Amino acid sequence: KDHKKSKEAEIYTRKAIELKPDCVDAYCNLGTILRDLRKLKEAEIYTRKAIQLNPGFAIAHYTLGTILKDVGKLKEAELSQRKAIEIKPDFANAHSNLGTILRDLRKLKEAELSQRKAIELKPNFAEAHFNLGNILKDLKKLDNAITSFYKASELGMDYNLCQSGIGSMLLEKGNHV
């Protein structure tokens with residue numbers, strides 16, 4: 001992301017909070033902006049403030065889960081994503097993020113189910129197809145992993161990333177390209 005635009009957005013969002021200190025969206029947005037700027041501790045603080053102001057704000061729980069994953073607090077990140085899903089069960093991005101966190105926690109079967117739920121909710125979700133491919137690779141379901149990587153590529157996921165995944169699967173299967 002454009003660092004200069006993120007810095008500018010940070011300034012304007014801080015100003016919005018000054019003008020309206022109870023604006024939940026502004027705190028959550030600032031958390032996202034600070035995460036993009038890699039100011040993770042501060043991002044966590046502002047996102048927690050959004051949750052404090054509105055505990056039922058699914059996007060804030062999702063954002064907090066993403067930040068917690070970035071700082072390596074995977075168990076807490078899992079709980080935040082689960083809370084976002086509890087509040088908004090059709091939140092495809094939260095299901096996908098939960099799947100990624102569960103993969104990092106080596107809960108692969110559960111991770112697969114989360115990614116599949118994300119795809120069920122949002123069939124053209126390229127990143128979820130890619131994430132599913134990685135989980136299926138870990139589960140040694142190589143043909144299914146290849147299919148997921150192809151689908152992610154079709155849907156616009158970075159071509160080289162997908163081809164790398166496909167290539168590693170073919171090598172693992174013994175099909176040298």
Side-chain angles (χ1 to χ4, degrees), residues 1-105 107 110-135 151-152 155-158 161-162:
K1 295 197 178 188
D2 185 350
H3 188 77
K4 187 177 178 190
K5 284 186 181 178
S6 291
K7 286 295 294 173
E8 197 173 292
E10 176 188 0
I11 292 164
Y12 287 121
T13 308
R14 287 184 188 278
K15 188 67 176 168
I17 290 170
E18 266 179 51
L19 296 172
K20 195 171 181 209
D22 61 344
C23 182
V24 177
D25 286 333
Y27 284 100
C28 190
N29 290 344
L30 185 56
T32 300
I33 293 162
L34 292 169
R35 176 183 177 254
D36 291 344
L37 292 169
R38 308 312 297 159
K39 298 178 180 180
L40 299 176
K41 267 289 183 216
E42 199 177 357
E44 181 180 342
I45 291 165
Y46 280 98
T47 306
R48 286 188 188 280
K49 178 68 175 174
I51 292 168
Q52 180 188 334
L53 290 170
N54 181 358
F57 191 28
I59 292 173
H61 288 282
Y62 162 81
T63 301
L64 180 61
T66 304
I67 294 164
L68 292 170
K69 180 185 184 300
D70 289 348
V71 297
K73 297 179 182 176
L74 296 178
K75 294 277 190 199
E76 283 184 68
E78 176 187 354
L79 294 175
S80 289
Q81 295 302 336
R82 288 189 188 281
K83 185 66 178 177
I85 291 165
E86 176 188 316
I87 295 165
K88 189 173 172 20
D90 63 344
F91 195 170
N93 286 50
H95 283 282
S96 183
N97 266 11
L98 176 60
T100 303
I101 292 163
L102 292 169
R103 178 183 183 226
D104 290 346
L105 290 168
K107 298 178 182 180
E110 216 179 327
E112 178 184 357
L113 292 175
S114 288
Q115 292 300 341
R116 289 193 185 282
K117 183 64 177 179
I119 292 165
E120 175 190 317
L121 292 167
K122 195 171 155 185
N124 293 331
F125 191 177
E127 192 174 339
H129 284 280
F130 181 80
N131 293 339
L132 179 60
N134 282 318
I135 293 163
K151 184 67 176 177
L155 293 170
M157 186 80 187
D158 180 90
L161 207 53
C162 293

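All values reported here derive from a predicted model rather than from experimental measurement.
The CG atom of L34 sits 9.5 Å away from the CD1 atom of I45 when rounded to the nearest 0.5 Å. Interatomic distance, CZ of F125 versus CE of M157, reported as 9.5 Å (0.5 Å rounding). Of the inter-residue distances, the one linking I101 atom CD1 with K73 atom NZ reads 13.5 Å to the nearest 0.5 angstrom. Separation of atoms CD1 (I135) and OG (S114) is listed at 7.5 Å; rounding is to 0.5 Å. Here NZ of K151 is found 9.5 Å from CD1 of I119. Values are rounded to the nearest 0.5 Å. For the atom pair CG (D22) and CG (N54), the distance works out to 11.5 Å, reported to the nearest 0.5 Å.
Taking the side chain as every heavy atom from C-beta outward, N93 and K122 approach each other to under 4.5 Å.
Listed here is the closest heavy atom pair of L53 and P21: CD1-O, 4.1 Å. The two residues C28 and T63 have their closest heavy-atom pair at SG-OG1, 3.8 Å. Across every non-hydrogen atom of A84 and A58, the tightest pair is CB-O, 3.5 Å. The two residues G99 and A111 have their closest heavy-atom pair at O-CB, 3.3 Å. Of all heavy-atom pairs spanning T47 and G31, the tightest one is OG1-CA, 3.4 Å. Annotation for P55 and I87: closest pair O-CD1, 3.6 Å, computed over non-hydrogen atoms.
Taking a cutoff of 4.0 Å between a charged side-chain nitrogen and a carboxylate oxygen, R48 and E44 qualify as a salt bridge. Of the charged side-chain nitrogens involved, none lies within less than 4.0 Å of a carboxylate oxygen, so that R82 and E86 do not count as a salt-bridged pair.
Under a 3.5 Å cut-off, the side chain of H61 and the backbone N or O of G56 do not form any donor-acceptor pair. Looking at H3, its side chain never comes within 3.5 Å of a backbone N or O of D36 through a donor-acceptor pair.
A side-chain contact (heavy atoms from CB on, under 4.5 Å) with K69 is found for one member of T100, L98, L64, N97 and no other, namely T100. Screening K117, H129, Q115 against S96 for a side-chain contact (heavy atoms from CB on, under 4.5 Å) leaves a single residue, Q115.
Applying the ring pair (Phe, Tyr, Trp, His ring centres under 6.0 Å) test to F57 and every residue at least two apart in sequence or in another chain returns nothing.
Classification of the Y46-Y27 ring pair by plane angle, with boundaries at 30° and 60°, yields parallel.
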- [ ] Start with the C-alpha gap between L105 and E78, add the side-chain angles, then the distance that decides, and say whether side-chain contact (heavy atoms from CB on, under 4.5 Å) holds.
- [x] CA-CA 9 Å; L105 290 168; E78 176 187 354; 3.3 Å; yes
| request: Report the C-alpha distance between R38 and D70 in whole Å, list the side-chain angles of each, state the deciding distance to 0.1 Å, and finish with yes or no for side-chain contact (heavy atoms from CB on, under 4.5 Å). | output: CA-CA 9 Å; R38 308 312 297 159; D70 289 348; 3.5 Å; yes
